[in-house]
Amino acid sequence: QVQLVESGGGLVQAGGSLRLSCAASGHTFSRSAMGWFRQAPGLEREFVASVDWSASASAYADSVRGRFTISRDNAKTTVYLQMNSLKAEDTAVYYCATGSQRGSTLYYTPKLSSEYVYWGQGTQVTVSS
């Protein structure tokens with residue numbers, strides 16, 4: 001059974017930083033692309049960032065590029081999202097995801113939520129202005 005457990009969310013002032021973690025178990029983490037999505041109240045879930053299985057390639061939403069960094073540690077089966085220069089509009093529940101059918105393809109960085117099968121429970125990030 002695949003499990004994804006996010007942590008690291010919280011309340012931070014605008015301009016501050018947070019690092020989210022997503023611990024994975026129950027699947028071949030080292031051969032799976034990983035993604036981060038977020039959902040603000042009243043809005044649809046949106047793509048934030050993704051990384052291929054080898055950490056050779058990553059992709060970012062335009063709204064976070066240059067401020068957020070996705071990384072992974074295959075030995076710890078954990079993916080991270082370093083968030084800097086946070087803005088009020090970054091406030092959302094953040095989810096990690098995995099399970100893409102092409103997840104073991106090098107340089108594959110899926111951006112659509114429909115490309116993922118397994119999701120974590122989410123962690124709340126609140127940025128006060």
Side-chain angles (χ1 to χ4, degrees):
Q1 181 178 358
V2 177
Q3 284 194 317
L4 302 173
V5 180
E6 301 97 334
S7 61
L11 174 64
V12 64
Q13 288 189 332
S17 299
L18 282 175
R19 188 176 83 152
L20 305 183
S21 300
C22 173
S25 63
H27 77 309
T28 309
F29 180 88
S30 61
R31 299 290 292 184
S32 300
M34 300 293 297
W36 284 97
F37 288 75
R38 66 186 182 187
Q39 187 167 20
L43 299 179
E44 292 187 355
R45 189 171 298 187
E46 66 174 359
F47 169 75
V48 176
S50 58
V51 62
D52 79 331
W53 67 266
S54 69
S56 298
S58 57
Y60 296 91
D62 289 343
S63 59
V64 307
R65 188 175 291 110
R67 300 187 297 122
F68 291 11
T69 302
I70 188 170
S71 62
R72 64 189 296 159
D73 185 333
N74 286 349
K76 296 182 178 179
T77 65
T78 300
V79 63
Y80 305 96
L81 186 68
Q82 178 66 44
M83 305 186 296
N84 299 328
S85 302
L86 283 161
K87 306 175 182 179
E89 51 263 44
D90 294 319
T91 295
V93 177
Y94 283 71
Y95 300 89
C96 69
T98 190
S100 302
Q101 286 191 342
R102 296 173 50 207
S104 62
T105 302
L106 191 61
Y107 308 132
Y108 179 59
T109 53
K111 304 175 185 64
L112 300 178
S113 58
S114 59
E115 296 180 274
Y116 294 88
V117 176
Y118 304 107
W119 295 80
Q121 83 290 348
T123 185
Q124 176 71 47
V125 171
T126 302
V127 183
S128 63
S129 57

Checking Thr105 now: which residues fulfil side-chain hydrogen bond (donor to acceptor under 3.5 Å, both in side chains) with it, not counting sequence neighbours?
none

Who clusters with Leu43? Use side-chain heavy atoms, under 4.5 angstrom, across I, L, V, M, F, W and Y, and order the result by chain and number.
none

Tracing side-chain contacts under 4.5 Å among Ile, Leu, Val, Met, Phe, Trp and Tyr outward from Leu112 reaches none

Does some side-chain heavy atom of Trp36 sit less than 4.5 Å from a side-chain heavy atom of Met83?
no

Does one hydrophobic cluster hold both Val117 and Leu4, with members joined at side-chain heavy-atom distances below 4.5 Å?
yes

All side-chain hydrogen bond (donor to acceptor under 3.5 Å, both in side chains) counterparts of Tyr94, not counting sequence neighbours
Arg38

Same cluster or not: Leu81 versus Tyr118, using hydrophobic residues (I, L, V, M, F, W, Y) connected whenever any side-chain heavy atoms lie under 4.5 Å apart?
yes

Could you tell me which non-hydrogen atom of Ala40 sits nearest to which non-hydrogen atom of Thr91, and how far apart they are?
CB-O, 3.7 Å

Closest non-hydrogen atom pair between Ser85 and Asp90, with its separation
O-OD2, 4.4 Å

Distance-only criterion, 3.5 Å: show the donor-acceptor pairs between side-chain atoms of residues 119-129 and protein atoms not counting sequence neighbours.
residue, atom, partner, partner atom, Å
Gln121, NE2, Glu6, O, 3.4
Gln121, NE2, Glu6, OE1, 3.4
Thr123, OG1, Gly9, N, 3.2
Gln124, NE2, Ala92, O, 3.4
Gln124, NE2, Thr126, OG1, 3.3

Please round to the nearest 0.5 Å and tell me the distance separating atom OG of Ser113 and atom CD of Glu46.
11.0 Å

Taking only residues at least two apart or on different chains, which pairs with a member in residues 47-70 satisfy ring-ring contact (aromatic ring centres under 6.0 Å, His included)?
Phe37-Phe47

Once disulfide bond (SG atoms under 2.5 Å apart) is applied, what residue pairs with a partner in residues 97-129 remain, sequence neighbours excluded?
none

Gap between atom CZ of Arg67 and atom OG of Ser17 - 0.5 Å precision
10.0 Å

Which pairs, with at least one residue in residues 35-129 and sequence neighbours excluded, count as a disulfide bond (SG atoms under 2.5 Å apart)?
Cys22-Cys96

Scan the side chains in residues 27-35 for donor-acceptor partners under 3.5 Å anywhere in the protein, sequence neighbours excluded, and list what turns up.
residue, atom, partner, partner atom, Å
His27, NE2, Thr98, OG1, 3.4
Ser32, OG, Thr28, O, 2.8

For Tyr80, the hydrophobic cluster (side chain heavy atoms closer than 4.5 Å, chained through members) also holds none

side-chain hydrogen bond (donor to acceptor under 3.5 Å, both in side chains) partners of Gln82, counting only residues at least two apart:
Asn84

Same apolar cluster (I L V M F W Y, side chains within < 4.5 Å links), Val48/Tyr95
no

By salt bridge (charged side-chain N to carboxylate O under 4.0 Å, His left out), which residues pair with Arg65, not counting sequence neighbours?
Asp62

Heavy-atom side-chain contact between Ser50 and Tyr116 under 4.5 Å
yes

Under a 3.5 Å distance rule, please check whether Asn74 uses its side chain to pair with a backbone N or O of Thr77 as donor and acceptor.
no

Of all the heavy-atom pairs spanning Asp52 and Thr109, show the shortest one and how long it is.
N-CG2, 3.7 Å

